[in-house]
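Here's the structure, in structure tokens; my notes come after.
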Amino acid sequence: MLTPEYMKQIVDQYLAAINDGDMQAVMDLYADNAAVEDPVGTEPKSGNDILEFYTKAFSGGANVELTGPVRISAKAAAFPFRAEINQQGGQVLVVDVIDIFEFDADGKVGKMTAHFGPANVTVKGA
């Protein structure tokens, strides 16, 4: 089940769901006991806190797209992407990030970590 093609498909579904503003579709990719650490170093979110996190993070809308190839290993997919997140006041938060999905035996995302720091965040517009 965890073929490279399958894991790439999940990454594509994730990015499409964010672009569509469909946070429930994002949640459907996660296992029931999933953990989301976004960004790495923050307290991991689980359960309904994951949906709340995505809903709040992308409440103004967002455009996300890959900036390089998806890297696949036995049970994980790492992917670089740029998120342009609409903010109040017309500003756009631009974040260059690498997410890593770790898949469980059922093909669901069991853990997601987002890797970025202050040097990877800019603001444009106003």
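The basis for the numbers below is simple: all heavy atoms, side chains too, and nothing from hydrogens, waters or symmetry mates.
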Exercise for review: If a pair satisfies salt bridge (charged side-chain N to carboxylate O under 4.0 Å, His left out) and one of its residues is in residues 84-108, list it, with sequence neighbours excluded.
Suggested key: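 Of all non-adjacent pairs touching residues 84-108, those that pass salt bridge (charged side-chain N to carboxylate O under 4.0 Å, His left out) are Arg82-Asp96, Glu84-Lys124.
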Review point. Can you find a heavy atom in the side chain of Ile18 that is under 4.5 Å from one in the side chain of Val26?
Key: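 In short, these two side chains touch, coming nearer than 4.5 Å.
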Review point. Same hydrophobic cluster for Val109 and Met27, using side-chain heavy-atom links shorter than 4.5 Å among ILVMFWY?
Key: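 Linked, Val109 and Met27 end up in one cluster.
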Check your understanding: For the hydrophobic clusters of this structure (ILVMFWY residues joined by side-chain heavy atoms under 4.5 Å, transitively), does one cluster hold both Met112 and Val95?
Key -> yes
Looking at every non-hydrogen atom in both residues, tell me the closest pair between [X] and [Y] and how far apart they are.
{"X": "Ala25", "Y": "Ala17", "result": "CB-CB, 3.8 Å"}
{"X": "Phe103", "Y": "Ala76", "result": "CD1-CA, 4.3 Å"}
{"X": "Met7", "Y": "Ala77", "result": "CB-CB, 4.3 Å"}
{"X": "Tyr6", "Y": "Gly107", "result": "OH-O, 2.6 Å"}
{"X": "Pro44", "Y": "Ala35", "result": "CB-CB, 4.4 Å"}

Check your understanding: How long is the gap from CD1 on Ile10 to CG on Leu29, to the nearest 0.5 Å?
Key -> 5.5 Å
Exercise for review: Can you measure from CD1 (Ile50) to CE (Met23) and round to the nearest 0.5 angstrom?
Suggested key: 13.5 Å
Check your understanding: Could you walk me through whether Phe101 and Val11 pass the side chain to side chain contact (heavy atoms under 4.5 Å, CB included) check?
Key -> CA-CA 8 Å; Phe101 285 170; Val11 169; 4.2 Å; yes
Check your understanding: Does anything in residues 34-47 pair up under side chain to side chain donor-acceptor pair (under 3.5 Å), and if so which pairs, sequence neighbours excluded?
Key ->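 Pairs touching residues 34-47 that pass the test: none.
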Practice item. Any pair with a residue in residues 66-76 that passes side chain to side chain donor-acceptor pair (under 3.5 Å), sequence neighbours left out, goes on the list, sorted by first then second residue, please. Key: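 Sorted pair list comes back empty.
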Practice item. Please lay out, stage by stage, how Asn120 and Val97 fare under the test side chain to side chain contact (heavy atoms under 4.5 Å, CB included). Key: CA-CA 7 Å; Asn120 309 112; Val97 60; over 6 Å; no
Practice item. Return the set of residues passing side chain to side chain contact (heavy atoms under 4.5 Å, CB included) with Lys8 (not counting sequence neighbours), or none when no residue passes. Key: Asp12, Leu66, Val70
Practice item. Just jot down the side chain to side chain donor-acceptor pair (under 3.5 Å) partners of Asp28, sequence neighbours excluded, or say none. Key: Gln24
Practice item. Taking side chain to side chain donor-acceptor pair (under 3.5 Å) as the test, write out the residues that go with Asp20, two or more places apart. Key: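 Per chain and number, Asp20 pairs via side chain to side chain donor-acceptor pair (under 3.5 Å) with no residue.
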Using atom types as modelled, flag every donor-acceptor pair under 3.5 Å from a side chain in residues 52-65 to any protein atom, sequence neighbours excluded.
| unit_1 | atom_1 | unit_2 | atom_2 | d |
| --- | --- | --- | --- | --- |
| Tyr54 | OH | Tyr14 | OH | 2.9 |
| Tyr54 | OH | Tyr30 | OH | 2.6 |
| Thr55 | OG1 | Leu51 | O | 2.8 |
| Ser59 | OG | Lys56 | O | 3.4 |

Exercise for review: Give the C-alpha distance, both sets of side-chain angles, the deciding distance and a yes or no for side chain to side chain contact (heavy atoms under 4.5 Å, CB included) between Ile85 and Val92.
Suggested key: CA-CA 5 Å; Ile85 305 165; Val92 177; 5.9 Å; no
